[in-house]
K.L.:
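Mind looking over this structure? Questions follow.
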Amino acid sequence: MSTAHYDPVEILGQRFRAAIAAAFPEAADADPLITATKNTALGDFQSNAAMPLAKRVGKPPRDIAAAIVAKADIGDIAEPLTPASIAGPGFINIRLRPDTLASYLAHIDSPTLGVPPPHPRETIVVDLCGVNLAKEMHVGHLRATIIGDALARTFERLGHEVKRQNHLGDWGLPIAMVTGKIKDLAEAGQLNLDTLKIDDLDRYYKAAQRDCAADEAGLRAVHRFGLGPKALAELEEQVNGAREATTRAKSTLLKLQAHDPTTYSIWKRIADLTVEACVTTCARLHANVRPEHTAGESSYSEELGPVVEDLVKRGIAEESEGALVIRVEGIEEPCIIRKSDGGFLYATTDLAAIRRRVGKLGGDRLIYCVDARQSLHFKQVFAAADKAGYTLKKDGGRARLQHAAFGMVLGDDGRPFKTRSGENIRLMALIDEARDRALAAVTQRSPDMPENDRATIAEAVGVAAIKYADLSNDRVKDYIFNFDRMLAFEGNTGPYLLYALVRVRSIFRKAAERGLDAGAAWKSAPLVLGATQEKLLALTLLRYAGTLDSVAESLEPHRLCQYLYDLAGAFSSFFDACPVLQAPDEATRNSRLRLCDLTARVLADGLTVLGIPPLDRM
RNA sequence: GCGACCGUAGCUCAGCUGGAUAGAGCAGCGGUUUCCUAAACCGCAGGUCGGCAGUUCGAAUCUGCCCGGUCGCGCCA
């Protein structure tokens, strides 16, 4: 797979593969199963290949291990294997030679940090953010934005072509409701379109929803229990009003679809305002979502008819109870693509989107960073798209469609995270609070720092805390949002990682102050990895490229978080045990400066991949 | 009713796709600073990995059945 010539897991894998092939030609394809050893007292790496081979070869696993050891040619990179290298049921323990470790480390001490070019380079379409028209971004959009952006950045870092798609919910009846509402108010002179703000839109959206929400259940109850003429009259009036509003919304929708100039221009104004607010919030979150990434549902509206027509013509879709559906194997519920009244649904839009993303955007892989509750929907749509041939690429292969599902953000009470009054929490307000709390912490710890600097740091720390707390949890699980925990400077948090980076960088400031890095001779100094902390730090640094691969494959950014936390921990232990500027001799000092520099670069690179801007001081 | 996901220390979470004695942080107890940011580091204590069976050299991880929780399930998005 990779062409990494410094990744011990890969190199040992090749060597052990050869050893297995030499010892057991009949099992030459066996996986060498190289992994880092948990207990460093036993070794650096281990091969677990002997055990699974036992049945296949018909010999005791320890004998197999002995045979592999006899054939393994690793003397140039590791300490010699002996019978004592075989432990337990047949583990083979391997310890790298110090000079080998240093040489691998020197290899990744390059601008790439050991990340090889992609193989092959793919076009990856990432669906992220997914805000709705006339709504300000709130907690419900947090994960789709943060995780989607982190995944997109991961692919970009690995050298792939990434196309972000903000699938804006800007079409359909709810949108027609608010558009109609704003049109009415504007025409009645009760609002000014030019000074409209996003929170106004949010309010009108809710009002329009209320206008159209008929209390049909209440009306039925009144009829059923005979609750009197007054209650009946009130409810009938409410329901009739709501029905009328809904009818008007439906007619607005038709006008919108027909691009009626007045209706359309108001809708466009709302859409522009929404995107503008969304992009502003994303910029504050350091999520790379810009206007050109917008690909709203409306952009597919002209394609829905042709798509459905195509599906009918080719017999992919069939009629069922007046609606048009696609049935796919293994899923009971059919995928409905046209309602009995002729209207299209979000499955229709998603099919059109897949067609465009594969056909027009050239996607080899489509990632959907969307709420886990939509699992069934995506299973259906993906299968339907496959059946329709919309996933067929130009090269004849099929695009990989993946739903990167995520769990909910919960409050301390384990319920969905809301304000006390039950409202969605706006992301801007969320960031404000994180920033304020971070500012208090920074001020307490660094009272002498200029106010401007403290404010800048507080903003960065607050955003880092929110994003890291989200990214560091297993994507598919719900997580509990807690300011105190995410802003803590100890443990697996954003602030802790930023602090680790700040401490490394501060060494170089001190070195410059003391005139110790003159000529930066350390940049090419030989790496000496004598202390156990230095060795552990080196081994951790070598895992970076492999970690990015695993994030890209699993779509799990928390693996990168865990890695960076390991790295920060390894550095902190090193930092504590190994003086850098006060090192016993110049060779050690230069080696340690180089180690620090590499650590800083990997930490900063990893944070950047997560979408967290690094800091110099805090 | 059917389906998906989840259940790991008092709390919040990892556990690298089946490996050795299940790991962190917080909370609790104890240590380390004339020295590069102590916002740190080192240690102690804390577990029937929801339960039972199965698969095999080996299971927190895979399979089945239960228990508990969350979320979905034909014309909303």
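FYI, side chains are in, hydrogens and waters are out, and symmetry mates aren't considered; it's all heavy atoms of this structure. Every chain is numbered from 1 and lettered A, B, ... according to where its sequence line falls, protein lines coming before strand lines.
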K.L.:
Should stems be defined as at least three consecutive Watson-Crick or G-U pairs with both distances under 3.5 angstrom, which of them involve RNA chain B?
P.N.:
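So the stems come out as B:1-7 with B:67-73, B:10-13 with B:23-26, B:28-32 with B:40-44, B:50-54 with B:62-66.
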K.L.:
Measuring centre to centre across the rings, with the benzene-like ring taken for any Trp, is Phe508(A) within less than 6.0 Å of Trp522(A)?
P.N.:
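Yes, they do, as the ring centres are separated by less than 6.0 Å.
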K.L.:
Excluding sequence neighbours, so at least two apart, what forms side-chain contact (heavy atoms from CB on, under 4.5 Å) with Leu33(A)?
P.N.:
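Applying side-chain contact (heavy atoms from CB on, under 4.5 Å) to Leu33(A) gives Asp31(A), Asn48(A), Pro52(A).
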K.L.:
Which is true for Pro61(A) with a 4.0 Å heavy-atom rule: it touches a base, it touches only sugar-phosphate, or it touches nothing?
P.N.:
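Contact class for Pro61(A): none.
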K.L.:
Using a 4.0 Å heavy-atom cut-off, does Thr547(A) contact any base of the nucleic acid, only the sugar-phosphate backbone, or nothing at all?
P.N.:
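Nothing, no heavy atom under 4.0 Å.
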K.L.:
Taking salt bridge (charged side-chain N to carboxylate O under 4.0 Å, His left out) as the definition, give me every residue that meets it alongside Asp350(A), ordered by chain and number, with sequence neighbours left out.
P.N.:
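Counting only residues at least two positions away or on another chain, Asp350(A) forms no salt bridge (charged side-chain N to carboxylate O under 4.0 Å, His left out).
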K.L.:
Categorize Cys212(A) for me: base, sugar-phosphate, or nothing, with a 4.0 angstrom heavy-atom threshold over every strand shown.
P.N.:
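If one applies the 4.0 Å heavy-atom cut-off, Cys212(A) turns out to touch nothing in the nucleic acid.
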K.L.:
Please work out whether the ring planes of Phe481(A) and Phe483(A) are parallel, tilted or perpendicular, with thresholds of 30° and 60°.
P.N.:
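Plane angle over 60°, so perpendicular.
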K.L.:
For Thr588(A) and Asp585(A), does a side-chain donor sit closer than 3.5 Å to a side-chain acceptor?
P.N.:
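Thr588(A) vs Asp585(A): donor-acceptor pair found between side chains.
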K.L.:
What verdict does the ring-ring contact (aromatic ring centres under 6.0 Å, His included) test give for His377(A) and Phe382(A), after you've listed the backbone C-alpha separation in whole Å, the side-chain angles of each residue and the deciding distance to 0.1 Å?
P.N.:
CA-CA 9 Å; His377(A) 165 70; Phe382(A) 291 172; 8.5 Å; no
K.L.:
Under 3.5 Å, which protein N or O atoms sit close to an N or O of nucleotides 6-12 of chain B? Give each pair with its distance.
P.N.:
residue	atom	partner	partner atom	Å
rG7(B)	OP1	Lys477(A)	NZ	3.0
rU12(B)	O2'	Arg485(A)	NE	3.2

K.L.:
Hey, is the side chain of His558(A) poking within less than 4.0 Å of OP1 or OP2 on rC16(B), counting only N and O atoms?
P.N.:
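No, because none of the side-chain N or O atoms of His558(A) sits under 4.0 Å from OP1 or OP2 of rC16(B).
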K.L.:
Heavy atoms only, 4.0 Å cut-off, all strands: where does Arg543(A) land among base, sugar-phosphate and nothing?
P.N.:
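No contact.
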K.L.:
Between rG1(B) and rG28(B), how far apart are the two C1' atoms, rounded to whole Å?
P.N.:
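That atom pair is separated by 48 Å.
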K.L.:
Under the side-chain contact (heavy atoms from CB on, under 4.5 Å) test, which residues partner Asn39(A), sequence neighbours left out?
P.N.:
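Checked Asn39(A) against side-chain contact (heavy atoms from CB on, under 4.5 Å); matches are Ala41(A), Leu42(A).
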K.L.:
Any side-chain heavy atom of Lys339(A) sitting closer than 4.5 Å to one from Leu345(A)?
P.N.:
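Lys339(A) reaches Leu345(A) side chain to side chain.
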K.L.:
Does anything in residues 563-577 of chain A reach RNA chain B, meaning a heavy atom under 4.0 Å, and if so which residues?
P.N.:
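Only Tyr565(A), Ser572(A), Ser573(A), Phe575(A), Asp576(A) qualify.
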K.L.:
Ignoring hydrogens and geometry beyond distance, is a side-chain donor-acceptor pair present between Asp566(A) and Thr540(A) at under 3.5 Å?
P.N.:
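Note: Asp566(A) and Thr540(A) side chains miss the donor-acceptor criterion.
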K.L.:
So which protein N/O to nucleotides 67-71 of chain B N/O distances come out below 3.5 Å?
P.N.:
none

K.L.:
Taking only residues two or more places apart in sequence, or in another chain, which ones meet Pro334(A) in a side-chain contact (heavy atoms from CB on, under 4.5 Å)?
P.N.:
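Checked Pro334(A) against side-chain contact (heavy atoms from CB on, under 4.5 Å); matches are Val325(A), Arg327(A).
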K.L.:
What residues form a salt bridge (charged side-chain N to carboxylate O under 4.0 Å, His left out) with Lys206(A), not counting sequence neighbours?
P.N.:
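Testing Lys206(A) for salt bridge (charged side-chain N to carboxylate O under 4.0 Å, His left out), a comparison that skips the adjacent residues, returns Asp202(A), Glu423(A).
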K.L.:
Of Gln562(A) and Val502(A), whose nearest nucleotide on RNA chain B comes first from the 5' end?
P.N.:
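Whichever sits nearer the 5' end wins; that is Gln562(A).
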K.L.:
With sequence neighbours excluded, tell me which residues meet salt bridge (charged side-chain N to carboxylate O under 4.0 Å, His left out) with Asp413(A).
P.N.:
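Asp413(A) satisfies salt bridge (charged side-chain N to carboxylate O under 4.0 Å, His left out) with no residue once adjacent residues are dropped.
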K.L.:
Quick check for you: to the nearest 0.5 Å, what is the distance between Gln533(A) atom CD and Phe575(A) atom CZ?
P.N.:
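Between Gln533(A) CD and Phe575(A) CZ, I get 13.5 Å after rounding to 0.5 Å.
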K.L.:
Just the table, please: protein N/O against nucleotides 17-22 of chain B N/O, every pair under 3.5 Å.
P.N.:
residue	atom	partner	partner atom	Å
rA20(B)	OP2	Lys38(A)	NZ	3.1
rA20(B)	N7	Gln46(A)	OE1	3.3
rA20(B)	N7	Gln46(A)	NE2	3.4
rA20(B)	N6	Gln46(A)	OE1	3.0
rA20(B)	N6	Asn93(A)	OD1	2.5
rA20(B)	N1	Asn93(A)	ND2	3.4

K.L.:
Where do N or O atoms of nucleotides 74-77 of chain B meet protein N or O atoms at under 3.5 Å, pair by pair?
P.N.:
residue	atom	partner	partner atom	Å
rG74(B)	O6	Ser320(A)	OG	3.4
rG74(B)	O6	Arg327(A)	NH2	3.3
rC75(B)	O2	Ser340(A)	N	2.6
rC75(B)	O2	Ser340(A)	OG	3.1
rC75(B)	N3	Ser340(A)	OG	3.1
rC75(B)	N4	Glu321(A)	O	2.5
rC76(B)	OP2	Lys339(A)	NZ	3.1
rA77(B)	O3'	Glu297(A)	OE1	3.2
rA77(B)	O3'	Glu297(A)	OE2	2.8
rA77(B)	N6	Tyr346(A)	OH	2.3

